[in-house]
Structures are given as C-alpha cells and as structure tokens.
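Have a look at the structure below, then the notes.
Just so it is clear, the model here is predicted, and its values are computed rather than measured. These numbers come from the heavy atoms of this one structure, side chains and all, not from hydrogens, waters or symmetry mates. The chains referred to below are lettered A, B, ... by the order of the sequence lines, with proteins before strands, and numbering in each begins at 1.
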Amino acid sequence: MPWRDHLDPYAIWVSEIMLQQTRVNTVVPYFERWMNMFPGISELANSTEADVLAAWEGLGYYSRARNLRLAAQIIMNEYQGRLPGDVKELIRLPGVGRYTAGAIASIAFKADEPTLDGNIRRVFARLFDIRESVDTPSGEKILWTLLNAELPEGRAGDFNQGLMDLGATLCTPQNPECGQCPLCGICQARAKGVQTERPILKSKPIQPHFTYVGAIIREGNRYLLVKRPSQGLLGGMWEFPNYRVVNEEAADKYLERLMAERYGVKVKITSKQGIFKHAYTHFRLTLQLYNVKILTDNLAVPDMCWVPADELLNYPMGKVARQISKTLKSNEKRQL
DNA sequence: AATGCGTGGGA
DNA sequence: TTCCCAAGCAT
C-alpha cells in the first residue's frame, strides 16, 4: 500500500479518509494522483472545491473531499500547518471521527490509541464471541473496552493495522479462512463453530426505488449542465437537469412541466435518449432521459453552464452523469 | 437513534 | 438479478 511508504502524517490522513467505506484497490490510484496534485497540507488548503471534487470523482462520498480541504485550511490557520497528533484534537477536524483519529494517532504518531473499524469489529466480535449487535452504541462500547484492554503498549499502530489486515484477508465477512488464521486457537466463536454467525448486525431496511426524468439540452455542440447544491447527494457535482417523478408512465409530461416551473422555459421533447439505472446505497434509481428543445430564450439559472461535448468530462460528476457524458461525446464524434 | 451519503466487487 | 458490504462520518 503506497501510503505505508510515506512517513508524512498528511499522507496517512489522506489515505485513512479515502479508505473510509472504500476498498484498498479502489483507493490506490486516487491516492497517488492526490499526492501529486496536493503534495502537502498548504497546497490542499490553497486549492478550490472544484479541484478536490475533480480529484475525487468516481471515489464516492464526496463530502470526504470537501471536508479534507476544509480541515487543511483549519490546520493552516489553527495548527501552524501541522496535523495534530492527539485524538481529541484530530476528532475536531471535519471528516475525522473516532476511527480515523485513532488510526492517525497510532500509525502516524505512534500513540497508544486503539481504533475500531468494520474489520476490527468483525474480528473482535468473533474472537470474543460477542452475542449482541455490535453496530449499536452498547455493542461498540464493549468492543472499545476490549480493544483498550488488549492494546500492546508502544505498538498500537501495528496492532491496529494487523487487525485490519486480518479482517481484510482471512477473517472476512463470508467464508473466513479459519484454518490459516493465526488467532484460530484463541477464537471463541470458532471454538463453538459459530464464526459465520458473528458479528451480529442490525437488519437493514429495504432499498426504495425512485424514477427520475432528465433532459439533454443541446445548442449546437454544447450541452447544458447544472451544478448540484453543495450539501446532500453528490454535493457540488455537475449533472444534466433531472427530477424525481411520482408517476413513471407520465415521465415525459412531468419533464415539460418541471422545466417550466424550475427554469421558466418552455421545452419540447424531441426524442428519447435512453434509460439509465443505478443503485446507490440507500435507493435505486431509474432515469428516463429525453432530448429536449428549448422554445424560449430566457434560460438563466445560477450554477448552470453550457459545455462543449469535448469538455463535458472536465466537470466533476457522479457515475450516472459521467456515463451520459461519455455517450454524448461519442455521439458527437460519430457525426463528424 | 436513525438516516443519508457512492461506488465497485463478489457470492 | 439481487443482495451484501467495504479502513465511517455528520446530522
């Protein structure tokens, strides 16, 4: 892992933020690009939000990128440009919670601090055969107490990383390889044969499904993009105008009405571009996409932009908008 | 306490 | 296809 070659606490911090809910193999190329683009805290603090969103595009959970930049500015202003090494100070930085603070303090600053992530939670729930839900405050309290008791003085960083590596390689959620596990002999769940029944997690609600309708608005070879509000889903990212609809059958009617309400322009659907499906963590969406002609000329909305097909991919977007952009770009080329 | 927040890979 | 979930955090 490239960040293990960096002794710089900044690099450890960046890697830990990127690794939140994200696999190592996904993170590696993003980490290397990021360290080239923002080699230190001052460069990151002097960047723009658009810069960090572009660097983060495709990695998901984009508030991480915005928070990383905001935290860099706080570190420049309040900590003389040096990342604090204390859990209590680290946790005050936006985007740094209990896990990340413990990881940075133990790995980058050699502090005797435990940490608790999804891997360690699973490993300890099996090692100690925890019989209650471990994704609750009371379950987590038990785990933190155990981790504090087991923490080897002077080697917390190795301890934390070793547990995470164990969880990522052998003590996996499905089909754990107990035969290869160095802790097999002291694993309480394994002794009872219940290792695949640990950890116990609360059941998750069913994902809802929503239908959206979107508009491709073209003027010559330029397309209209709009910027999402900086909070919430895909905050600060660009996309093609789209709206959630209630009635899937009447999607085209909704589109013309919503464009009038939102932008005050009259539009006419010229053709159907296609249907896009995507699964987010908490809902699935179907996007019905139409090519649209504007019948009026008073389109003026904040956070909108006319973009030539060649430049569409320069704007930070989520996966769906990126896929649409690639389609449009290849269409343009085919016509030439 | 419960929910919102992306994406990609594996079973 | 569908589900699970992966080095969590903010509100």
Inset, instruction - Classify the side chain of A:T281 versus the base of B:dT7 as yes if they form a donor-acceptor pair under 3.5 Å and no if they do not. - result: yes
Inset, instruction - For A:G235 and for A:K202, find the nucleotide of DNA chain B with the closest heavy atom, then tell me which residue's nucleotide is more 5'. - result: A:K202
Legend entry - d(CG, A:L285; C1', B:dG4) in whole Å: 15 Å
Inset, instruction - Please state the C1' separation for the pair C:dA6 and B:dA1 - nearest whole angstrom. - result: 23 Å
Inset, instruction - Return the stacking result for B:dT3 and A:H282: yes when the ring centres lie under 5.5 Å apart and the planes under 30°, no otherwise. - result: no
Inset, instruction - Examine A:H6 together with A:F31 and report whether their ring centres are nearer than 6.0 Å. - result: yes
Inset, instruction - Check every strand shown and say whether A:G58 touches a base, only sugar-phosphate, or nothing at a heavy-atom separation below 4.0 Å. - result: sugar-phosphate
Legend entry - Closest to the A:T100 side chain, choosing from C:dC5, C:dA10, C:dG8: C:dG8
Legend entry - P atoms of C:dA7 and B:dG4, separation to the nearest Å: 23 Å
Legend entry - Closest-nucleotide 5' rank along DNA chain B - winner of A:Y62 and A:T136: A:T136
Legend entry - Test: A:R98 cationic atom under 6.0 Å from A:W144 six-membered ring centre, within 45° of axis: yes
Legend entry - Distance test, side-chain N/O of A:R122 to OP1/OP2 of C:dA7, below 4.0 Å: yes
Legend entry - Nearest heavy atoms of A:P94 and A:I74, plus distance in Å: CD-CD1, 3.7 Å
Legend entry - Presence of donor-acceptor pair under 3.5 Å, side chain of A:Y61 and base of B:dG6: yes
Legend entry - Residues A:D51 and A:R66 bridged, charged N to O under 4.0 Å: no
Inset, instruction - Check every strand shown and say whether A:R4 touches a base, only sugar-phosphate, or nothing at a heavy-atom separation below 4.0 Å. - result: base
Legend entry - Salt bridge flag under 4.0 Å for residues A:E239 and A:R228: yes
Legend entry - For atom CD of A:E57 and atom C1' of B:dG6, their distance in whole Å: 12 Å
Inset, instruction - Provide, to the nearest angstrom, the distance between the CG atom belonging to A:L201 and the P atom belonging to C:dA6. - result: 8 Å
Inset, instruction - Provide the distance between the two P atoms, one in C:dT11 and one in B:dG6, to the nearest whole Å. - result: 14 Å
Inset, instruction - Check whether the side chain of A:T26 and the base of B:dG9 form a donor-acceptor pair under 3.5 Å. - result: no
